Amino acid sequence: QVRLVESGGGLVQAGGSLRLSCAASGRTFSDAAMGWFRQAPGKEREVVAAVNWSGGDTAYVGSVKGRFTISRDNVMNTLYLQMNSLKPEDTAVYYCAAAAEQVLTTAIDDYDDWGQGTQVTVSS
């Protein structure tokens with residue numbers, strides 16, 4: 001229904017920054033809530049941040065509050081995650097996803113379409 005392509009992952013030293021991008025096509029981008037999720041080895045996939053259809057409402061997991069910022073550009077059909085002050089525990093595969101609704105949601109089950117993931121590795 002919607003195709004999501006992530007970019008921007010890589011290797012960074014602790015304390016550094018990365019900016020992830022997710023380009024969307026297919027479904028009307030501005031009609032969907034969006035989110036970033038991550039999965040580390042041996043752990044369940046967890047929500048990192050989410051944003052409603054317009055970008056006016058956002059939510060973050062407690063461990064990234066004050067360090068990560070989710071945003072969207074509905075003209076360019078692109079979702080972003082700015083990650084600052086990165087820590088080794090942020091190391092994971094990061095996925096972008098689109099929900100079937102417009103309202104802000106952090107529930108994984110609400111998200112229907114997923115990107116392929118991009119690796120973020122933070123070294124100490």
Side-chain angles (χ1 to χ4, degrees):
Q1 185 70 21
V2 61
R3 183 169 181 261
L4 304 173
V5 180
E6 296 136 318
S7 62
L11 176 64
V12 65
Q13 197 169 0
S17 298
L18 285 173
R19 182 177 174 87
L20 305 183
S21 299
C22 177
S25 62
R27 189 199 302 173
T28 302
F29 181 74
S30 61
D31 286 345
M34 301 286 293
W36 286 99
F37 299 78
R38 67 186 181 187
Q39 187 166 23
K43 294 185 177 181
E44 294 293 308
R45 189 172 300 186
E46 66 171 351
V47 65
V48 177
V51 61
N52 76 327
W53 70 274
S54 69
D57 291 330
T58 59
Y60 301 88
V61 67
S63 59
V64 309
K65 286 182 179 178
R67 300 189 297 120
F68 291 11
T69 302
I70 188 171
S71 62
R72 64 192 299 161
D73 186 333
N74 286 348
V75 175
M76 299 301 297
N77 293 339
T78 305
L79 180 74
Y80 302 98
L81 185 68
Q82 178 66 47
M83 304 184 294
N84 299 326
S85 301
L86 282 161
K87 305 175 180 179
E89 52 261 45
D90 295 319
T91 296
V93 177
Y94 283 70
Y95 301 87
C96 66
E101 57 191 291
Q102 301 177 20
V103 178
L104 175 70
T105 177
T106 58
I108 294 177
D109 289 346
D110 288 341
Y111 288 84
D112 296 333
D113 297 297
W114 296 79
Q116 80 287 352
T118 185
Q119 175 71 232
V120 172
T121 302
V122 184
S123 65
S124 60

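Along the sequence shown, residues are numbered consecutively beginning with 1. These figures come from a predicted structure and were not determined experimentally. We use all heavy atoms of the structure for the numbers below, so side chains are in, but hydrogens, waters and symmetry mates are not.
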* To do: Indicate the atoms forming the closest heavy-atom contact of Ala32 with Ala99, along with that distance.
  => CB-O, 3.6 Å
* Does the Asn74 side chain pair with the main chain of Ser30, one donor and one acceptor, at a distance under 3.5 Å? -> no
* Rounded distance [0.5 Å steps], CG in Asn77 versus SG in Cys22 -> 10.5 Å
* Closest approach of Ser17 and Asn84, non-hydrogen atoms and distance? -> OG-OD1, 2.9 Å
* To do: Considering non-hydrogen atoms only, spot the tightest contact between Leu81 and Ala49 and give its length.
  => CD1-CB, 4.2 Å
* Give the cluster check for Val61 versus Val93: same hydrophobic cluster or not, with ILVMFWY residues linked at side-chain heavy-atom distances below 4.5 Å. => no
* Asked: Does the side chain of Glu6 reach to within under 4.5 Å of the side chain of Leu20, using non-hydrogen atoms?
  -> no
* To do: Using a cut-off of 6.0 Å, state whether more than 12 heavy atoms not belonging to Gln13 lie near its atom CD.
  => no
* To do: Compare all side-chain heavy atoms of Tyr111 with those of Thr105 and state whether any distance is below 4.5 angstrom.
  => yes
* To do: Quick one: sort the Trp114 and Tyr95 rings into parallel, tilted or perpendicular, breaks at 30° and 60°.
  => perpendicular
* **Gap separating the CD atom of Gln82 from the OG atom of Ser21, nearest 0.5 angstrom** => 9.5 Å
* To do: Could you tell me which non-hydrogen atom of Arg72 sits nearest to which non-hydrogen atom of Gly55, and how far apart they are?
  => CD-N, 3.8 Å
* **Selection residues 51-74 - residue pairs positive for ring pair (Phe, Tyr, Trp, His ring centres under 6.0 Å), sequence neighbours left out** => none
* Quick check: are there more than 12 heavy atoms from other residues, nucleotides or ligands sitting under 6.0 Å from CZ of Arg19? -> yes
* Do Ile108 and Leu104 belong to the same hydrophobic cluster, where Ile, Leu, Val, Met, Phe, Trp and Tyr are linked whenever their side-chain heavy atoms lie under 4.5 Å apart, directly or via other members? -> no
* Structure fact -> So CD of Glu101 and CG of Asp112: to nearest 0.5 Å the spacing works out to 9.0 Å
* Asked: So which heavy atom on Ile70 is nearest to which on Met34, and how close?
  -> CD1-O, 4.3 Å
* Asked: What's the shortest heavy-atom distance between Ala59 and Thr106, and which atoms?
  -> CB-CG2, 3.8 Å
* What distance separates Arg38 CZ from Ser63 OG, expressed to the nearest 0.5 Å? -> 4.5 Å
* If you measure from CG on Leu4 to SG on Cys96, what distance do you get to the nearest 0.5 Å? -> 4.5 Å
* Just wondering, do Arg67 and Asp90 contact through their side chains at under 4.5 Å, heavy atoms? -> yes
* Asked: Do you reckon Leu79 sits in the same ILVMFWY cluster as Phe37, going by side-chain contacts under 4.5 Å, direct or chained?
  -> no
* Structure fact -> One should read off an interatomic distance between Gln102 CD and Asp31 CG, to the nearest 0.5 angstrom, of 5.0 Å
* Asked: Do Tyr94 and Val122 belong to the same hydrophobic cluster, where Ile, Leu, Val, Met, Phe, Trp and Tyr are linked whenever their side-chain heavy atoms lie under 4.5 Å apart, directly or via other members?
  -> yes
* Asked: Name the one of Leu18, Val64, Thr91 that satisfies side-chain contact (heavy atoms from CB on, under 4.5 Å) with Leu86?
  -> Leu18
